[in-house]
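Both ligands and their constituent atoms are indexed starting at 1 by order of listing.
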Amino acid sequence: MQGAFMANRKSASGRKPRNLEQVAGNGLLHRRLFLTRGAAALGAGSLGLLTAARAQELPPWMRIPGAPMTGHGRRARYEEHIQRLTTSAPGTDGSGGSRTPLEALEGMITPSGLHFERHHSGVPDIDPDAHRLLIHGLVDQALFFDMDALSRYPMVSRIQFIECSGNSRLTGLAPEPVSGTCGELHGLVSCSEWTGVPLSILLDEAGLDPSAHWILAEGADAAAMTRSVPLAKAMDDALLAIYQNGERLRPENGYPVRLFLPGYEGNMSVKWLRRIKVTAAPMMTREETSKYTDLLPDGRSLMFTFPMDVKSVITSPSPGLELAGPGLYQISGMAWSGLGRVARVEVSADGGTSWAEAALTEPVLDKAVTRFRMAWRWNGAPAVIMSRAVDETGAVQPARDAIIAAKGVNFAYHYNGIQAWRVGADGQVVNIHV
Ligand SMILES: Nc1nc2c(c(=O)[nH]1)N[C@H]1C(S)=C(S)[C@@H](COP(=O)(O)O)O[C@H]1N2
Ligand SMILES: [Mo]
């Protein structure tokens with residue numbers, strides 16, 4: 001093993017190897033080592049050493065021809081058990097949500113079939129040929145589009161996250177930590193490549209009245225979900241999204257067209273979009289008065305809290321993914337901010353006593369999920385792992401205590417506290433409050 005270790009290092013750079021550098025308590029290693037070196041270079045020995053006991057016979061799939069081509073691909077049958085966790089409001093089939101199983105995924109993109117869902121009255125079955133989008137209100141001329149006309153406008157593509165502002169409150173605001181997987185606790189966030197027509201192009205074409213300051217967006221579902229959006233956002237980076245990860249939107253995510261407001265709370269990205277009315281003031285809809293407002297300890301409520309704040313969570317290890325025994329592990333997680341790019345993610349393996357900077361996986365994009373990684377040599381003793389993200393505006397993901405001190409526990413949205421997982425001596429991982 002030592003021989004392979006030396007040979008590796010020589011061929012990698014030809015220079016003398018750097019000292020193995022532990023940068024924080026309980027075994028966190030320097031991010032540079034992890035970016036370019038394997039397990040052997042980190043002193044753990046190779047995880048892939050070939051021994052006689054591990055040699056394989058020719059597997060059966062190499063002895064017979066494989067399956068034919070298919071018109072539409074599907075997952076390996078061994079992966080079919082990876083599912084969204086769906087929950088409906090009592091007495092309803094389609095009002096509720098489903099959560100992305102974050103612990104089963106890697107990279108920055110959420111596969112469309114595992115994108116989280118949040119519906120207020122189920123998924124409508126919309127015939128795209130019969131769907132229409134009306135733009136009216138404080139404009140020079142009202143516009144009325146079918147999908148063919150809409151699709152002839154210039155499109156842009158962006159990789160961006162969407163997060164329900166109710167995400168994470170289930171555990172964050174509970175007095176005792178709730179048991180569940182990472183996805184069950186934090187899975188109301190997903191990241192896709194969205195392609196569509198910038199809303200500004202259509203508003204320009206309609207011609208804005210000088211008194212216009214807001215728009216009202218309305219969905220074609222039975223809930224007729226309706227939200228007010230400041231005109232500045234509508235003219236900045238709002239998208240009428242038609243494609244998701246290269247294919248037409250999934251029905252669950254707004255087929256055939258949705259509003260997409262980068263970085264803003266998910267509720268405002270109205271799905272199955274049928275109408276935009278340009279207005280002088282917000283319309284004070286149900287979703288921005290009785291819902292999606294945050295009750296503070298002094299009895300006042302915050303309204304129109306649009307951007308999603310900086311946040312991160314370790315997806316592996318996480319509850320349900322137990323560690324096989326002491327040794328070298330990759331801590332992997334996701335970070336995002338509705339205010340811009342992720343600037344830095346720090347990881348602790350000693351409950352927040354010491355922190356080390358994680359490696360960010362390129363590309364690091366504006367208002368997109370960013371993958372972070374950290375090498376960790378686990379010594380087998382109980383440990384508490386946590387991550388803390390900082391975005392390019394300098395905003396730092398807060399501790400749970402700090403949020404509760406500032407906002408109490410009666411609010412329901414925009415909880416972005418640091419998540420801690422406790423790794424037991426048996427390798428089991430559980431959700432804890434620190
Ligand atoms: N028309 C309509 N748009 C909607 C909703 C809805 O129920 N109806 N739910 C909203 C909420 S609360 C969220 S968090 C996002 C979720 O988007 P997704 O289901 O594509 O993940 O859609 C928003 N847009
Ligand atoms: Mo939401």
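Polar contact check, His120 against ligand 1: a nitrogen or oxygen pair lies under 3.5 Å apart. In terms of polar-atom proximity, Ser121 is not counted as a contact of ligand 1, lacking any N or O under 3.5 Å from an N or O of the ligand. Checked by distance only, ligand 1 and Asn253 come closer than 3.5 Å through their nitrogen or oxygen atoms. Among the atoms of Gly219, none of the N or O lies under 3.5 angstrom from an N or O of ligand 1. Where the criterion is an N or O separation shorter than 3.5 Å, residue side chain and backbone included, Arg258 meets it with respect to ligand 1.
Among all non-hydrogen protein atoms, the one lying nearest atom 19 (O) of ligand 1 is Lys271 NZ, 2.5 Å. In terms of protein heavy-atom proximity, atom 8 (N) of ligand 1 is nearest to Asp221 OD2, 2.7 Å. Looking at atom 9 (N) of ligand 1, its nearest protein heavy atom turns out to be Arg118 O, 3.1 Å. Scanning all protein heavy atoms for the shortest distance to atom 21 (O) of ligand 1 gives Phe116 O, 2.7 Å. Closest to atom 15 (C) of ligand 1, if we only count protein heavy atoms, is Gly266 O, 3.4 Å. Ranking protein heavy atoms by distance to atom 10 (C) of ligand 1, first place goes to Asn267 CA, 3.7 Å. The closest protein non-hydrogen atom to atom 12 (S) of ligand 1 is Tyr292 OH, 3.0 Å. Atom 24 (N) of ligand 1 has Ser269 O, 3.1 Å as its closest protein atom, hydrogens excluded (heavy atom only).
The part of His115 lying near ligand 1 is the side chain, judged by heavy-atom distances below 4.0 Å.
A donor and an acceptor atom, one from each side chain of Lys407 and His414, are nowhere located under 3.5 Å apart. Under 3.5 Å, the side chains of His119 and Glu117 contain a donor-acceptor pair of N or O atoms. Defined by atom type and a distance below 3.5 Å, a donor-acceptor pair is present between the side-chain atoms of Glu287 and Asn267.
Taking the ring axis of Phe116 as reference, the NZ or CZ atom of Arg84 does not stay both within 45° of it and closer than 6.0 Å to the ring centre. For the pair Lys233 and Phe306, the NZ or CZ position fails the cation-pi test of under 6.0 Å to the six-membered ring centre and within 45 degrees of the ring normal.
Here OG of Ser192 is found 14.0 Å from CZ of Arg158. Values are rounded to the nearest 0.5 Å.
In this structure the side chain of Ser168 reaches within 4.5 angstrom of the side chain of Lys311, judged on heavy atoms.
Of all the atoms in ligand 1, the ones that sit under 4.0 Å from a non-hydrogen atom of Cys164 are 14 (S). Listed by number with element, the atoms of ligand 1 under 4.0 Å from a non-hydrogen atom of His119 are 7 (O). Contact atoms of ligand 1 toward Trp272: 1 (N), 2 (C), 8 (N) (distance under 4.0 Å to a heavy atom of the residue).
Salt bridge present: Arg344 and Glu346 bring a charged side-chain N and a carboxylate O closer than 4.0 Å. Under the 4.0 Å criterion applied to side-chain N and carboxylate O atoms, Glu80 and Arg75 are assigned as salt-bridge partners. Taking the charged nitrogens against the carboxylate oxygens, Glu288 and Arg227 do have a contact shorter than 4.0 Å, which makes a salt bridge.
Between atom 2 (C) of ligand 1 and the options Glu252, Met225, Glu117, the minimum heavy-atom separation is to Met225.
The side chain to side chain donor-acceptor pair (under 3.5 Å) pairs that include a residue from residues 357-370 are Thr361-Arg373, where partners are two or more places apart or lie in different chains.
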